[in-house]
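The chains referred to below are lettered A, B, ... by the order of the sequence lines, with proteins before strands, and numbering in each begins at 1.
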Amino acid sequence: ETGVTQSPTHLIKTRGQQVTLRCSSQSGHNTVSWYQQALGQGPQFIFQYYREEENGRGNFPPRFSGLQFPNYSSELNVNALELDDSALYLCASSYRTENEQFFGPGTRLTVL
Amino acid sequence: AQTVTQSQPEMSVQEAETVTLSCTYDTSENNYYLFWYKQPPSRQMILVIRQEAYKQQNATENRFSVNFQKAAKSFSLKISDSQLGDTAMYFCAFMSNYPGSRLTFGEGTQLTVNP
């Protein structure tokens, strides 16, 4: 059974640029959730995707957007990057009807 | 909205001893789940233990156990026989009991196990 994978591992961007982060869910999982973890803080929920549609969103502006593909993998896109977007971005996959979420290793984004 | 509070930013314990990490939460819901996650320096978030709110019995997983006090909205984690590999950031998290729920995390407690 393949676990949750994320790419890239690290990424450096400059303010105003756009970034795409990728997540492959664990085999069979149909739901993907994205979290932002600023340095020294707990993860904050960004949004969740189920059946290729957004299914719940946290307190993040519209420049944070996502996609889910038929194979349940997912992308997180962030436009007009700001310095405060520097964080660890975590992807978690799950079965929609179960409560356990399985996390990937994260993507460390640095915005200069 | 639910909130989760961890009031101990840092804790340390000697190897083989017992340590308890505290967590309180606020919710108006009656049925939900509570979790403790471990995040070592590798950044991978690992589930340590899970508690279902409708179960009165406290969850136990080997050296890890919880003290769940529903009326007090308290959910502490006890680690027995601490090992060096337990050194990590520990997060308490809340999840509502409906499909597609999100996790709400506390701010975390950095635990250091000293040899």
Side-chain angles (χ1 to χ4, degrees), chain A residues 3-11 21 23 26 29-60 66 68 72 87-109, chain B residues 1-10 21-25 27 29 31-55 59 61 75 77 88-111:
Chain A
V4 180
T5 60
Q6 292 185 243
S7 63
T9 304
H10 296 90
L11 201 53
L21 310 182
C23 171
Q26 186 164 310
H29 287 176
N30 56 17
T31 300
V32 174
S33 302
W34 286 91
Y35 296 85
Q36 180 196 65
Q37 185 178 16
L39 192 62
Q41 297 183 21
Q44 299 290 316
F45 175 74
I46 302 175
F47 44 54
Q48 184 182 93
Y49 275 83
Y50 170 65
R51 288 187 175 178
E52 302 177 50
E53 292 190 358
E54 187 178 289
N55 178 55
R57 188 178 186 92
N59 189 27
F60 281 83
Q68 187 181 31
Y72 305 130
L88 179 68
Y89 288 85
L90 296 167
C91 163
S93 74
S94 60
Y95 294 107
R96 178 167 172 79
T97 55
E98 296 186 8
N99 58 73
E100 184 170 356
Q101 296 188 3
F102 295 80
F103 284 83
T107 293
R108 172 74 66 190
L109 173 64
Chain B
Q2 291 78 26
T3 60
V4 177
T5 302
Q6 293 179 248
S7 58
Q8 305 154 315
E10 298 180 358
L21 308 183
S22 300
C23 172
T24 58
Y25 60 95
T27 183
E29 298 176 13
N31 200 9
Y32 47 85
Y33 298 94
L34 294 165
F35 305 84
W36 279 99
Y37 279 89
K38 167 185 177 181
Q39 188 178 41
S42 66
R43 309 178 324 200
Q44 186 90 38
M45 195 74 78
I46 301 165
L47 178 64
V48 174
I49 198 165
R50 165 180 40 203
Q51 176 77 42
E52 298 169 58
Y54 66 87
K55 290 186 176 180
E61 289 286 344
F75 183 61
L77 173 69
M89 183 72 84
Y90 286 80
F91 292 98
C92 178
F94 173 101
M95 177 184 280
S96 299
N97 183 25
Y98 57 81
S101 293
R102 67 190 68 179
L103 285 163
T104 299
F105 288 88
E107 292 299 301
T109 296
Q110 175 63 49
L111 175 67

- Query: Between A:Gly42 and B:Phe91, what is the shortest heavy-atom contact and its length?
  - Reply: CA-CE2, 3.4 Å
- Query: By a 4.5 Å heavy-atom criterion (distance strictly below it), what part of B:Tyr98 contacts chain A: side chain, backbone, both, or neither?
  - Reply: neither
- Query: Just wondering, do B:Leu103 and A:Phe45 contact through their side chains at under 4.5 Å, heavy atoms?
  - Reply: no
- For A:Tyr72, does the OH atom sit with more than 12 other heavy atoms under 6.0 Å from it, leaving out its own atoms? no
- Query: Would you find more than 12 non-hydrogen atoms of other residues, nucleotides or ligands less than 6.0 Å from A:Arg96 atom CZ?
  - Reply: yes
- Note on the structure: Whatever's closer than 4.5 Å to a heavy atom in chain A on B:Gln6 counts as neither
- Which region of B:Arg102, side chain (C-beta onward) or backbone (N, CA, C, O), has a non-hydrogen atom less than 4.5 Å from a non-hydrogen atom of chain A, or is it both or neither? both
- Counting only heavy atoms closer than 4.5 Å, note whether A:Tyr35 contacts chain B via side chain, backbone, both or neither. side chain
- Message: For A:Asn59, I'd like to know if atom CG has over 12 heavy atoms of other residues, nucleotides or ligands within 6.0 Å.
- Response: no
- Task: Pick one of side chain, backbone, both or neither for A:Gln48, based on which atoms fall under 4.5 Å of a heavy atom in chain B.
- Result: side chain
- Is there side-chain contact between A:Phe103 and B:Arg43, with heavy atoms separated by less than 4.5 Å? no
- Query: In terms of heavy-atom pairs under 4.5 Å with chain B, which of A:Asn99, A:Leu90, A:Asn55, A:Leu88 leads?
  - Reply: A:Asn99
- Item | Residue part contacting chain A, namely of B:Met95, when any heavy atom lies under 4.5 Å | side chain
- Item | Partner chain A: residue of B:Leu47, B:Ile46, B:Val4 with the largest heavy-atom pair count (under 4.5 Å) | B:Leu47
- Highest number of heavy-atom pairs under 4.5 Å with chain B: which of A:Gln44, A:Gln101, A:Gln41, A:Glu98? A:Gln101
- Item | Pairs of heavy atoms under 4.5 Å with chain A: top-ranked of B:Gly100, B:Gly108, B:Ala93, B:Pro9 | B:Gly100
